[in-house]
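The basis for the numbers below is simple: all heavy atoms, side chains too, and nothing from hydrogens, waters or symmetry mates.
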Amino acid sequence: MITKKDILHIAKLCNIKIEESEISKFQNQLAQIIDYINILNEVDTEDIDSFFEVNDLATVLREDTTDISLDFDDIKINAINTDKTQIKVNKVL
Amino acid sequence: MIDKLKEQIDNKKISVEDVAKEYISKAKKLNPELNAYISITEDYALSHLSYSPQNKLSGIPGIIKDNINIKGLRTTAGSRILENYISPYSASVVLNLSDFTLVGKGNMDAFAFGSSTENSGYGVTHNPLDKTRVAGGSSGGVAAAIASGSALFGIGTDTGGSVRQPASFCGVVGLKPTYGLCSRYGLIAMGSSFDTPGVITRNVYDSAYVLNEIAKYDKKDSTSMKVAKQDYTKFRDIKDLRVGVLNFSEEGVDSDVIDAFSNSIKTIKSLGCKVKTIDLPHLKYSLAVYYILVPSEISANLARYDGIRFGNHPEKTEDNNFESLSDFYVEARSKFEDEVKRRIIIGTYTLSSGYYDAYFNKALKVRNIIKQEIKNAFLDVDVIISPTTPSVAFKIGKKIENPLSMYLSDIFTVSSNIAGIPAISIPNGYYNKLPTGLQIMGRSFGESTILSLANFIEQKLWK
């Protein structure tokens, strides 16, 4: 059972604000979804690998060489505050 | 249709500029009632007109879903959190459509989370065949634009049916290629191990025509596969093709959908294919696997929306001056739409300590079982058919308050994303003017086979 406390804890983990008035709605909807996905408990997965890759590719690596990347002038238009080739942010600590 | 217009352009019967103006004016006229476009890019289109006869889509009008980046244009992903985001680069799939004319960017559920476009931050898209109904989703805008004729082809994205389901609801053709055939570079990520760009067109030939352009290895996508170049418009002989009919529970499936499906089986038999019923007992777990793994990937992919480098930048107020960075993040992310919040929360839950093994790892294991089961089935048959969706397009508002019932509309489509295989949806019937869809799934990189069968069914049914 998902409690109100669970919802608030998860919301905090993912930096999502949930209004007090929305908690029970999210709680009910989540409970329904969790109830549905519990159907997987029926499946015997003993000895099944949990590693998955769609096309069975192994690790894909490129040559470790430099290449032209995005132009900072194209990127900076989306940031609040920039300085030369840097994006300025709030103080972290 | 596309090749006819291309021929007219090549023969100077019509100019690229006139084509652009015609389709853009149609899009502008229809958009107030359909809301298929988040942006109609008239200025961009008219200032970027170019024509080269060797480029197959030169001058052909297309719509691109708004979660696919085009340099210099706004890309919202259907979310208000990106309403001012200007793409600094173009997706590879867009660059592969050399010289096409961009009519505009297609409406969609925010971040492609949904099956109706009702989760769009820019209003719902209306189904052109019945405006009180949804156009499907998440690529609802693209499907509505193709069905109403304001563009000849559209590029959407398909993570669990987001190209095929709206195509089915709008009576057009939707193709989800094999994972790795078309580059994901420049698509706004949802579930990275499920996402693939896809094609929506009026007919199967056009679908193959566009696939020819976008099926290309891309070093910028590390899951891109090197596949021998082929011409998908050269349809194969399908006589003696082994067609597996998926044995599915009819519970919750509309009788109209079942009727249309039975008729399609008859059509397929009349084409000389060998039809047999196949059981895939683990397919009933696909949706549960999907709704664990995709939200898990979503919760990680959407962590980047922190409001600093791009996206919604919250303003400082007297009440909130963001003393901690975390306060800033929470405020920036408060613009996420409800369904986006819901999926991030589900994914955070299924990945959280204490639940990771029970949900995420368990789902990965079942994903492996389903993938293997489908692979084994293809030893016996060449394609697998099913309906595309359990119902025709539903009324706007009918499912929005009940996310689980909305999720169930993906029941037939998610399996191919789980296994990474290609699938196409084509119209196979109309009931009270509303279309139903037939889904054909194929082996990995077996696009040519599903397109060929789809083409011959289409010819038989509609020509």
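- Using a 4.5 Å heavy-atom threshold, the side chains of B:T348 and A:K12 count as separate.
- Note that CG of A:N78 and CD1 of B:I308 are 14.0 Å apart. Values are rounded to the nearest 0.5 Å.
- Interface residue A:I77: only side-chain heavy atoms are found under 4.5 Å from chain B.
- For the atom pair A:S50 OG and B:K362 NZ, the distance stands at 11.5 Å (nearest 0.5 Å).
- Across all their heavy atoms, A:N15 and B:Y329 have their closest contact at ND2-CD1, 3.7 Å.
- Contacts with chain A were tallied for B:I345, B:D327, B:L302, B:V289; B:I345 has the most, counting heavy-atom pairs under 4.5 Å.
- The two atoms that bring B:K371 and A:V54 nearest to each other are NZ-O, 3.0 Å, heavy atoms only.
- Taking OH of B:Y349 as the start and CD1 of A:I37 as the end, the distance is 8.0 Å to the nearest 0.5 Å.
- When B:L287, B:T223, B:I344 are compared by the number of non-hydrogen pairs under 4.5 Å with chain A, B:L287 comes out ahead.
- Within the 4.5 angstrom heavy-atom criterion, no atom of B:A332 approaches chain A.
- The candidate from A:D73, A:N28, A:N38 with the greatest count of non-hydrogen atom pairs under 4.5 Å with chain B is A:N38.
- Only the side chain of A:D67 comes within contact range of chain B, with at least one heavy atom under 4.5 Å from a heavy atom of that chain.
- A:Y36 places a side-chain heavy atom less than 4.5 Å from the side chain of B:L408.
- Both the backbone and the side chain of B:Y285 come within less than 4.5 Å of a heavy atom in chain A.
- For the options B:K341, B:K219, B:H282, heavy-atom pairs under 4.5 Å to chain A are most numerous at B:K341.
- For a residue to count as touching a neighbouring chain, one of its non-hydrogen atoms must lie under 4.5 Å from one of that chain's; by this rule B:E331 touches chain A with the side chain only.
- In this structure, A:K17 NZ and B:F336 CZ are separated by 13.5 Å, a value rounded to the nearest 0.5 Å.
- For a residue to count as touching a neighbouring chain, one of its non-hydrogen atoms must lie under 4.5 Å from one of that chain's; by this rule A:E53 touches chain B with backbone and side chain alike.
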- For B:V330 and A:I16, run side chain to side chain contact (heavy atoms under 4.5 Å, CB included): C-alpha distance rounded to whole Å, both residues' side-chain angles, the deciding distance at 0.1 Å, then the answer. CA-CA 6 Å; B:V330 167; A:I16 296 280; over 6 Å; no
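- When each of B:S222, B:G180, B:G307, B:S334 is checked for heavy-atom pairs under 4.5 Å with chain A, B:S222 comes out on top.
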- Could you please spell out the steps behind the side chain to side chain contact (heavy atoms under 4.5 Å, CB included) verdict for B:H313 and A:N81? CA-CA 10 Å; B:H313 308 301; A:N81 205 350; over 6 Å; no
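- Within the 4.5 angstrom heavy-atom criterion, atoms from both the backbone and the side chain of A:I75 approach chain B.
- For B:Y407, the part sitting under 4.5 Å from any heavy atom of chain A is the side chain, from C-beta outward, and nothing else.
- To the nearest 0.5 Å, atom CZ of residue B:R342 and atom CG of residue A:L30 are 8.0 Å apart.
- When the candidates B:I86, B:T350, B:N84, B:I292 are compared by the number of heavy-atom contacts under 4.5 Å with chain A, B:I86 comes out ahead.
- Residue contact with chain B, scored on non-hydrogen atoms closer than 4.5 Å, involves the side chain of A:I2 exclusively.
- For B:Y359, the part lying near chain A is the side chain, with the backbone staying farther off; criterion is any non-hydrogen pair under 4.5 Å.
- Side-chain contact between B:K284 and A:E42: present, with at least one pair of heavy atoms (C-beta onward) separated by less than 4.5 Å.
- With respect to the salt-bridge test (charged N to carboxylate O, under 4.0 angstrom), the residues A:D49 and B:K365 do not qualify.
- One finds the CZ atom of A:F52 at 8.5 Å from the CG atom of B:L293 (value rounded to the nearest 0.5 Å).
- Among A:N55, A:V60, A:L70, the residue making the largest number of heavy-atom pairs under 4.5 Å with chain B is A:N55.
- Taking B:Y179, B:F360, B:F310 one by one and counting their heavy-atom pairs under 4.5 Å with chain A, the maximum is reached by B:Y179.
- Contact of B:K375 with chain A is made through the side chain alone, with heavy-atom distances under 4.5 Å.
- Among the candidates A:D71, A:L13, A:I34, the residue making the largest number of heavy-atom pairs closer than 4.5 Å to chain B is A:I34.
- Two residues are said to be in side-chain contact when any heavy atoms from C-beta on lie closer than 4.5 Å; A:Q32 and B:N402 meet this criterion.
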